[in-house]
Structure formats: C-alpha cells, structure tokens
Amino acid sequence: MKIGYARVSTVDQNLDLQKDALTKAGCERIITDEISGSVITRPGLEKLKDIVRFGDTIIVWRMDRLGCSLKHLIEWVSYFEEHGIAFHSLEENIDTGSASGRLIFHVFGALAEFERQLIRERTQAGLKAARARGRLGGRPKKLSDEKWQLALKLYKEQEKTVDEICRLVGVSRPTFYKYLKKR
C-alpha cells in the first residue's frame with residue numbers, strides 16, 4: 001500500500017498542495033500533521049508508525065516534511081528499511097525501494113554527517129581562540145552581585161516571600177533557587 005505523509009508547520013498553512021501531489025502519486029491513504037518540524041513527536045507520525053506494514057511505501061512531497069533534521073530523517077528511513085518499508089520523496093525523486101535510491105539517500109546522510117563534523121570542529125576552534133584572548137563563553141548572569149546580595153538579605157530576613165523577592169530582582173523562582181544552591 002502507498003501511504004502519504006504531509007505536514008505543515010502552522011494552522012495558517014495549507015496541506016492541499018502536498019495532498020494533491022500524494023494523491024497523484026497513488027497514495028491510498030494520507031496521514032497529516034499541522035505541527036512544527038522541530039517537534040520530534042508528532043501525532044501523524046505516530047499514527048503512520050502504527051499503520052505501516054512490511055511491503056508498504058511511504059511517500060512524502062519533500063523530505064523535509066518527514067524529518068525535522070537530517071539525523072531525524074535518517075532515523076525514520078532506517079526504521080522503514082528495518083521493517084521492509086520503502087520511502088519515496090516526490091520532489092527530490094528519491095526512492096529507497098531501489099538500490100540506486102538507497103545509495104543516493106545514504107550519500108546525502110554521509111555528506112550531512114561530514115558537514116556536522118566540520119561545524120563542530122569550527123565551533124571548537126572558535127571557542128579555543130576566544131578563550132586564548134580571554135573571552136569566556138556562556139550565558140550572562142541573570143543577577144548582578146548587588147541584586148543577588150539584596151535578594152539574599154531579603155531571603156535571610158524572611159520579611160518577603162520568595163515570589164516577592166523574585167519580582168523585586170527580576171528573576172524566576174527556579175533561577176533564584178539555583179543562585180541559592182550555588183551559594
């Protein structure tokens with residue numbers, strides 16, 4: 001059975017273009033999601049996983065509709081392969097049901113992994129160079145020393161609640177407790 005999967009990121013977007021392409025490709029069933037691609041757990045994908053069987057073909061309009069990242073896409077396609085399910089992307093014309101389609105997909109995966117390694121190396125080199133110049137990375141402190149001393153004094157005197165102290169110094173309750181724990 002050919003099963004289509006379509007996704008749009010927001011409710012304002014329309015699934016019609018994808019549905020039309022999937023219907024034209026012969027999909028007997030189309031599963032949809034209206035959710036951001038950055039969300040890994042999607043109801044439509046979970047439903048797809050439940051209904052897909054050995055010998056089926058999953059068809060998407062474009063590869064980015066299935067995976068939120070190349071790593072995520074590779075995980076899905078690997079899952080399909082393990083269960084005897086073919087994957088076909090209409091726009092990129094990749095069909096893992098054929099040897100050449102699997103090769104192309106895995107070449108894309110290898111290139112993406114290479115790119116991730118290059119980015120990681122460049123990032124590490126940049127951080128090392130910044131440290132050598134005396135710059136430290138990380139998020140700036142939420143509380144200045146003066147504000148922290150005020151918050152601590154108010155906390156010790158127990159005249160104000162923790163929520164009141166947090167409002168006064170402009171931090172959340174968890175942030176306040178992190179500072180207190182570090183002390």
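These numbers come from a predicted model, not from an experiment.
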Main-chain N/O of Ala6 paired to Arg65 side chain as donor or acceptor, under 3.5 Å: no
Point-to-point distance, once rounded to the nearest 0.5 Å, from SG of Cys27 to CD of Gln18: 11.5 Å
Heavy-atom side-chain contact between Gln13 and Glu34 under 4.5 Å: no
Parallel, tilted or perpendicular, as decided by the 30° and 60° cut-offs, for the rings of Phe105 and Phe87: perpendicular
Verdict with reasoning, Thr32 to Lys19, per side chain to side chain contact (heavy atoms under 4.5 Å, CB included): CA-CA 9 Å; Thr32 63; Lys19 283 182 175 180; 3.8 Å; yes
Spatial distance of atom NZ (Lys178) from atom CG (Leu180) [nearest 0.5 Å]: 13.5 Å
Pair Glu46 + Arg42: basic N to acidic O under 4.0 Å: no
Lys NZ or Arg CZ of Lys49 over Tyr79 ring: under 6.0 Å, within 45°: yes
Ile59-Leu73 co-clustered via ILVMFWY side chain contacts under 4.5 Å: no
Between CD on residue Glu92 and CH2 on residue Trp61, distance to nearest 0.5 Å: 9.0 Å
Worked check of side chain to side chain contact (heavy atoms under 4.5 Å, CB included) between Val52 and His83: CA-CA 9 Å; Val52 73; His83 293 84; over 6 Å; no
Other residues, nucleotides, ligands: >12 heavy atoms within 6.0 Å of Arg135 CZ: no
Hydrophobic cluster membership, Phe80 vs Val60, 4.5 Å side-chain cutoff: yes
Connected via hydrophobic side-chain network under 4.5 Å: Ile35 and Leu17: no
Main-chain N/O of Lys160 paired to Glu164 side chain as donor or acceptor, under 3.5 Å: no
Arg173: side-chain hydrogen bond (donor to acceptor under 3.5 Å, both in side chains) partners, not counting sequence neighbours: Asp163
Ile85, Ile58, Leu45 screened by side-chain contact (heavy atoms from CB on, under 4.5 Å) with Trp76, the one that passes: Leu45
Arg53 backbone acceptor or donor facing Asp56 side chain under 3.5 Å: yes
N/O donor-acceptor pair under 3.5 Å between Thr175 side chain and Val171 backbone: no
Side chain proximity check, Leu168 to Leu154, heavy atoms < 4.5 angstrom: yes
Interatomic distance, Ser144 atom OG to Leu150 atom CG [nearest 0.5 angstrom]: 9.0 Å
Audit row: His88, Thr96, side chain to side chain contact (heavy atoms under 4.5 Å, CB included) steps and yes/no: CA-CA 6 Å; His88 186 175; Thr96 64; over 6 Å; no
Expected output: side-chain Arg62 to main-chain Glu91 donor-acceptor under 3.5 Å: no
Working for side chain to side chain contact (heavy atoms under 4.5 Å, CB included), residues Leu22 and Leu90: CA-CA 8 Å; Leu22 295 170; Leu90 299 174; 4.1 Å; yes
Side chain proximity check, Arg122 to Leu118, heavy atoms < 4.5 angstrom: yes
Expected output: side-chain Tyr179 to main-chain Ala151 donor-acceptor under 3.5 Å: no
Exam field: side chain Arg7 to backbone Asp33, donor-acceptor pair closer than 3.5 Å: no
Any donor-acceptor pair under 3.5 Å from Asp95 side chain to Gly101 backbone: no
Lys2 NZ to Ile30 CD1 distance, which is reported to the nearest 0.5 Å: 12.0 Å
Distance in Å, Ile31 CD1 paired with Tyr5 OH, rounded so as to fall on 0.5 Å steps: 9.5 Å
